[in-house]
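Along the sequence shown, the residues carry numbers beginning at 1.
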Amino acid sequence: MAASFVGAVLLSSCGEEHRSYVPNLTDARKTPTMTTTDVSTLISDSGFIRYHITTRRWDIYDDSVHPMWVFPDGLQLENYDLAMRPAATLVCDSATYYSDKRLWRLDGHIVMVNVKRDTFLTQQLFWDQRSAEVYSDSFVHIVRQPHIIEGYGFISDQTMSAYTVRRPTAIIPLN
């Protein structure tokens, strides 16, 4: 009897694999397909490390109508030159990357320092990777020796080294 029981168990375990599916109780387009926490990653281009990204949380929405990456707790980005020296930095309170449009949207308290050491402070910023432009319609405060430039909106190349303030409100000389 014990041999027939063991045989039945062995035969039943050799049968077809049983799979179960747990349905998503929420809208799959509004639920992240992946969430990663405490991220620190390096991004290379042509064999050279170009960027270091750190964030507390990274949500990826691949099934959304507009696939996107969301960084709800902010993002820190450091850009390196070919000698691996920090060249530019960016910090923001939150960020969204729309992968189908190749468009970044940064929000909150944004501080960006370009390779010329100019510092940009604003509340919202867009980086369109297709057109290689960075722009904003928000108030911007730029510290560029020997001046502080303030205005509403700007457009720049993606290195932030050739920019135009759209509606300047002040140019203040520094001592």
Side-chain angles (χ1 to χ4, degrees), residues 32-62 64 66-172 174:
T33 51
M34 183 178 78
T35 296
T36 307
T37 57
D38 300 320
V39 176
S40 178
T41 187
L42 298 171
I43 298 172
S44 64
D45 180 20
S46 303
F48 294 98
I49 294 174
R50 300 300 305 194
Y51 300 100
H52 180 211
I53 295 177
T54 55
T55 185
R56 287 187 15 210
R57 182 173 164 178
W58 181 357
D59 295 334
I60 297 177
Y61 294 84
D62 283 334
S64 177
H66 298 287
M68 65 185 126
W69 302 347
V70 178
F71 303 87
D73 297 329
L75 177 72
Q76 294 179 351
L77 180 132
E78 195 163 37
N79 171 241
Y80 297 107
D81 64 14
L82 296 178
M84 281 297 296
R85 292 181 301 242
T89 60
L90 172 112
V91 178
C92 64
D93 289 342
S94 68
T96 304
Y97 175 67
Y98 300 96
S99 54
D100 58 344
K101 299 176 185 177
R102 297 191 58 212
L103 177 70
W104 284 89
R105 174 186 170 159
L106 311 176
D107 291 296
H109 183 71
I110 301 165
V111 178
M112 184 183 319
V113 179
N114 68 9
V115 295
K116 294 179 179 180
R117 311 316 306 157
D118 299 342
T119 302
F120 297 77
L121 305 170
T122 190
Q123 293 294 307
Q124 187 175 60
L125 185 76
F126 294 91
W127 173 23
D128 187 334
Q129 291 180 306
R130 287 184 179 156
S131 66
E133 291 181 331
V134 177
Y135 57 91
S136 176
D137 289 329
S138 298
F139 179 78
V140 62
H141 176 91
I142 304 168
V143 178
R144 178 182 187 173
Q145 295 294 336
H147 298 94
I148 293 175
I149 305 166
E150 293 182 337
Y152 288 89
F154 73 92
I155 188 164
S156 175
D157 66 339
Q158 65 186 10
T159 65
M160 298 295 291
S161 58
Y163 53 87
T164 301
V165 176
R166 290 189 179 141
R167 295 183 323 222
T169 57
I171 299 175
I172 306 161
L174 295 175

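When atom types are taken as modelled, the side chain of T164 and the backbone of I155 share no donor-acceptor pair closer than 3.5 angstrom. Although no hydrogens or angles enter the test, the distance criterion places no donor-acceptor pair under 3.5 Å between the side chain of S94 and the main chain of G74.
Applying the salt bridge (charged side-chain N to carboxylate O under 4.0 Å, His left out) test to every pair with at least one member in residues 69-86, sequence neighbours left out, gives these pairs: D81-R85. Within the structure, salt bridge (charged side-chain N to carboxylate O under 4.0 Å, His left out) contacts touching residues 94-103 (residues at least two apart or in different chains) do not occur. Pairs passing the salt bridge (charged side-chain N to carboxylate O under 4.0 Å, His left out) check and including a residue from residues 160-170, sequence neighbours excluded, read D137-R166.
Put simply, the side chain of Y51 does not reach to within 4.5 Å of the side chain of D45, judged on heavy atoms. Between I49 and M84, the closest side-chain pair of non-hydrogen atoms falls below 4.5 Å. Two residues are said to be in side-chain contact when any heavy atoms from C-beta on lie closer than 4.5 Å; M160 and W127 fail this criterion. Here the side chains of V115 and T159 are not in contact, with every heavy-atom distance at 4.5 Å or above. In this structure, the side chains of L82 and R50 come closer than 4.5 Å at one or more pairs of heavy atoms.
Few gaps surround NE2 on H141; more than 12 heavy atoms of other groups in view lie less than 6.0 Å from it. Residue-environment remark: OH (Y80) exceeds the threshold of 12 foreign heavy atoms within 6.0 Å.
Atom CD1 of I43 and atom NE2 of H52 lie 9.5 Å apart (nearest 0.5 Å). With values rounded to the nearest 0.5 angstrom, L125 atom CG is found 6.0 Å from S136 atom OG. The distance from atom CD1 of I110 to atom CG of L121, rounded to the nearest 0.5 Å, is 10.0 Å. Taken from OG1 in T119 to CD in Q145, the straight-line distance is 9.0 Å, to the nearest 0.5 Å. For the atom pair CZ of R144 and CD1 of I149, the computed distance is 6.0 Å after rounding to the nearest 0.5 Å. Put simply, CG on N79 and CG on L90 are 10.5 Å apart, with the number rounded to the nearest 0.5 Å.
Remark: D62 engages no residue in a side-chain hydrogen bond (donor to acceptor under 3.5 Å, both in side chains) (not counting sequence neighbours). Applying the side-chain hydrogen bond (donor to acceptor under 3.5 Å, both in side chains) rule to T35 yields the partners D59; only residues at least two apart in sequence or on another chain are considered. Not counting sequence neighbours, the partners of H109 by the side chain to side chain contact (heavy atoms under 4.5 Å, CB included) test are D93, V111, Q123.
For the 3.5 Å distance criterion, the side chains of T169 and E150 fail to qualify, holding no donor opposite an acceptor. Side-chain contact check for Y163 and N114: no donor-acceptor pair (N or O, by modelled atom type) lies under 3.5 Å.
In terms of heavy atoms, S156 sits closest to S161 at OG-N, 4.1 Å. The shortest heavy-atom contact between R130 and D128 is N-OD1, 2.9 Å. Scanning both residues, Q158 and V134, for their nearest heavy atoms gives CA-CG2, 3.8 Å.
In this pair, F71 and W104 present their aromatic rings parallel. The plane angle is below 30°, not in the 30 to 60° band. Taking the six-membered ring for Trp and thresholds of 30 and 60 degrees, Y135 and F126 have nearly parallel ring planes, at less than 30 degrees apart.
The ring of W58 has its center no closer than 6.0 angstrom to the ring center of Y97.
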